[in-house]
Amino acid sequence: MTEENNHILPPGEAIDRIWELAEKIDICMFTTWDGKQQRSRPMSARVHREENAIYFLTDLEGHKLTEIEKFPHVSLAWADNGGHKYAVIAGEAEVLNDRAKIADLWESFDKAWWDDANDPQIRLLRVTPDDGEVWDSPNMIVATAKMLVAAATGAKPNMGDTAKVRM
């Protein structure tokens with residue numbers, strides 16, 4: 001799918017859509033750089049557009065904190081494969097030990113890793129977006145129909161909305 005086969009979203013609409021998809025999809029691939037290679041891991045995103053931030057709870061142990069301290073530029077990627085909707089945010093990450101914010105963001109799901117929000121091993125990652133991209137395609141039935149028509153007619157299908165924006 002190339003950009004020529006998509007409808008380019010206006011910047012404001014694209015930014016709104018990126019934030020909406022990030023919040024709706026929740027789990028994203030959080031990618032860091034260790035100086036030699038990228039490392040990605042699935043993490044639950046706590047999206048707070050009003051603060052221009054995406055938060056993550058993480059453990060004090062692990063390579064990602066060291067990687068972020070050395071190379072703070074990270075990438076976050078959300079995928080709704082069934083809906084053919086994708087969003088990416090690149091931004092600056094910082095490691096925080098803000099106990100009040102950790103308590104505020106705590107969800108029952110977090111008990112899978114820690115007993116409660118007071119666990120001293122919990123750290124907060126805050127990502128401030130620099131830029132983002134969105135690919136918001138029609139659902140599978142519509143996309144398949146468009147591709148079949150395009151294959152039969154030789155025309156290029158419009159596969160949905162796309163945009164790359166500064167956030």
Side-chain angles (χ1 to χ4, degrees), residues 1 9 12-140 143 160-167:
M1 181 165 49
L9 290 172
E13 202 175 315
I15 290 170
D16 288 344
R17 197 66 186 126
I18 291 167
W19 282 107
E20 288 167 16
L21 288 171
E23 187 167 13
K24 177 185 171 199
I25 297 170
D26 178 32
I27 302 295
C28 75
M29 291 304 291
F30 189 109
T31 303
T32 57
W33 173 253
D34 70 3
K36 294 180 184 173
Q37 67 182 15
Q38 294 178 330
R39 297 184 182 273
S40 299
R41 73 277 293 156
M43 295 186 72
S44 177
R46 316 295 162 90
V47 178
H48 287 259
R49 183 177 183 177
E50 70 282 359
E51 297 176 35
N52 193 40
I54 299 107
Y55 294 100
F56 301 85
L57 297 184
T58 191
D59 201 81
L60 184 57
E61 302 298 322
H63 299 288
K64 70 182 148 303
L65 300 186
T66 305
E67 293 164 3
I68 288 168
E69 286 174 8
K70 205 167 182 185
F71 305 100
H73 200 75
V74 300
S75 179
L76 314 174
W78 290 266
D80 173 0
N81 292 326
H84 292 261
K85 298 171 187 324
Y86 309 92
V88 174
I89 290 176
E92 297 300 311
E94 58 184 322
V95 180
L96 305 169
N97 190 16
D98 182 338
R99 305 316 296 177
K101 192 66 171 178
I102 290 169
D104 182 50
L105 295 171
W106 181 263
E107 297 176 1
S108 59
F109 181 72
D110 298 322
K111 284 185 167 252
W113 290 273
W114 306 283
D115 289 336
D116 58 44
N118 298 316
D119 188 316
Q121 289 293 110
I122 301 173
R123 289 300 179 268
L124 182 65
L125 299 177
R126 176 190 167 117
V127 176
T128 303
D130 291 329
D131 55 54
E133 293 185 63
V134 63
W135 299 267
D136 194 353
S137 302
N139 66 42
M140 180 61 98
D161 298 328
T162 186
K164 183 175 182 176
V165 293
R166 292 288 302 159
M167 296 182 72

Quiz item: Are Arg123 and Glu69 close enough for a salt bridge, meaning some N to O gap below 4.0 Å?
Solution: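 So Arg123 does not pair with Glu69 through a salt bridge.
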Quiz item: Does a side-chain N-to-carboxylate-O contact under 4.0 Å join Glu51 and Lys101?
Solution: yes
[X] and [Y]: which non-hydrogen atoms are nearest, and at how many Å?
X: Asp119; Y: Gln121; value: OD1-N, 2.7 Å
X: Asn52; Y: Trp19; value: OD1-CZ2, 3.5 Å
X: Lys85; Y: Asp136; value: NZ-OD1, 2.7 Å
X: Ile102; Y: Ala117; value: CG2-O, 3.7 Å
X: Ile54; Y: Pro129; value: CD1-CG, 3.8 Å
X: His73; Y: Ala90; value: NE2-CB, 3.8 Å

Self-check item: Leu21 side chain near Tyr86 side chain, heavy-atom distance below 4.5 Å
Solution: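 No, every pair of side-chain atoms sits at 4.5 Å or beyond.
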Practice problem: Taking the side chain as every heavy atom from C-beta outward, state whether Trp106 and Lys111 have any atom pair closer than 4.5 Å. | Solution: yes
Quiz item: What class does the angle between the rings of Phe30 and Phe56 fall in, given that below 30° is parallel, 30 to 60° is tilted and above 60° is perpendicular?
Solution: perpendicular
Would you give the length of the straight line joining atom [atom1] of [X] to atom [atom2] of [Y], rounded to the nearest 0.5 angstrom?
X: Arg49; Y: Ile18; atom1: CZ; atom2: CD1; value: 9.5 Å
X: Tyr55; Y: Arg126; atom1: OH; atom2: CZ; value: 4.0 Å
X: Arg99; Y: Asn118; atom1: CZ; atom2: CG; value: 7.0 Å
X: Ile122; Y: Asn97; atom1: CD1; atom2: CG; value: 9.5 Å
X: Trp78; Y: Glu20; atom1: CH2; atom2: CD; value: 13.0 Å
X: Glu67; Y: Gln38; atom1: CD; atom2: CD; value: 11.0 Å

Quiz item: Has Asp116 got more than 12 heavy atoms of other residues, nucleotides or ligands less than 6.0 Å from its CG?
Solution: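 Atom CG in Asp116 is packed in, count exceeds 12.
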Self-check item: Over 12 foreign heavy atoms within 6.0 Å of CD, Glu92
Solution: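 Yes - once you tally the heavy atoms of other residues, nucleotides and ligands closer than 6.0 Å, there are more than 12.
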Quiz item: Counting only N and O atoms by type, is there a donor-acceptor contact under 3.5 Å from the side chain of Arg41 to the main-chain atoms of Arg39?
Solution: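 Checked: pair present.
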Quiz item: Looking at Leu76, Asp26, Leu125, Leu57, which hits side chain to side chain contact (heavy atoms under 4.5 Å, CB included) with Met43?
Solution: Leu125
Self-check item: Identified side-chain hydrogen bond (donor to acceptor under 3.5 Å, both in side chains) counterpart of Lys64 within the set Asp59, Thr32, Thr58
Solution: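 When Asp59, Thr32, Thr58 are each tested with Lys64, the side-chain hydrogen bond (donor to acceptor under 3.5 Å, both in side chains) holds only for Thr58.
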